[in-house]
Amino acid sequence: MTLGSFASPGIDSKRRATPLPRPIANMKIFTPDTSIASDVIPSANFGERNKGRVPDMVLLHYTGMPDAQGAIAQLCTAGTDVSAHYIVLEDGRIVQCVPEAKRAWHAGVASWAGEDDINSCSIGIEIVNRGHDWGYPEYPLRQVAAVIALCRGIMLRRNVPSHRVLAHSDVAPSRKKDPGEKFPWHSMANSGVGHWVQPAPIVRSEGLKIGTDNDAVRGLQQALARYGYGVPVTGKYDTATMEVVTAFQRHFRPAKVDGVADHSTLATLQSLLASLPVETTAVAAG
Ligand SMILES: [Zn+2]
């Protein structure tokens, strides 16, 4: 047996790691908030959290670009007006771009639980994945493991409750699909990250859809709003309602993402609400 036989069993030695862009010359390197960040590439795009808001939400994204280098350049270069606190590469490396204390620019126009300055209340994690427009590959296991480790650390340090680890699509359902229905929220939950219940089985059922106008739609909208989604309670199943139901399915019932509130969708939503911490339900209802 040669020495080479012992080389890194878990790493494919034929594949080189993605080279990271060098930090921009005039940007000051800061100390990462976590020891599991392998690199710091400071972004020029951030500000102060409004009114000193302490972050209590983690927002997950995919980069939605053909490669990691392009995404890192986009998120760090001055003038693009976008950034995130962290970028998680496909091989599991974690790059920090904005200190957690600062307000990164990742959410855009968004709302959750009545709050619309999502950048001020959240920590943004960009997961490198080409996204729906570029073939939407599966998330590699080692990348998911890195996201889990990163989220667990943030949740502990920042006291973020599980039900406030969310998808970009949850807070901006009319504009965003990320991180999408292939993101393994169930695996995350098995490791203590995020709120999840086993989705109710899909059975043949009528379902509420575009054009439905009745009390059942009102009940659905109230339930979605109680969970946190920004949806007007009108009793009419309009485009906005369909988009929120689609976002809900991408996150919580990914086997069928069609914007129709069928029995499985409604039952899954009810069991999520029933398993929220008591104080959250009380606040949302009041
Ligand atoms: Zn996003």
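In each ligand, atom 1 is the first atom listed, and ligand 1 is the first ligand listed. Keep in mind that what you see is a predicted model, and the values were worked out from it rather than measured. Only this structure's heavy atoms are used, side chains among them; waters, hydrogens and symmetry mates stay out.
Ring pair Y62/H132 is tilted by interplanar angle, where 30° to 60° counts as tilted.
A salt bridge links D117 with R103: the closest approach of a Lys/Arg side-chain nitrogen to an acidic carboxylate oxygen falls below 4.0 angstrom.
When distances to the Zn ion (ligand 1) are checked against a cut-off of 2.8 Å, H168 contributes an N, O or S atom below that limit.
For the Zn ion (ligand 1), the nearest N, O or S atom contributed by D178 is named OD2. In H61, the N, O or S atom that comes nearest to the Zn ion (ligand 1) is ND1.
Here the side chain of T268 pairs no donor or acceptor atom with the backbone of R253 at under 3.5 angstrom.
Relative to the six-membered ring of Y139, K182 misses at least one condition, a distance below 6.0 Å or an angle of at most 45° to the axis.
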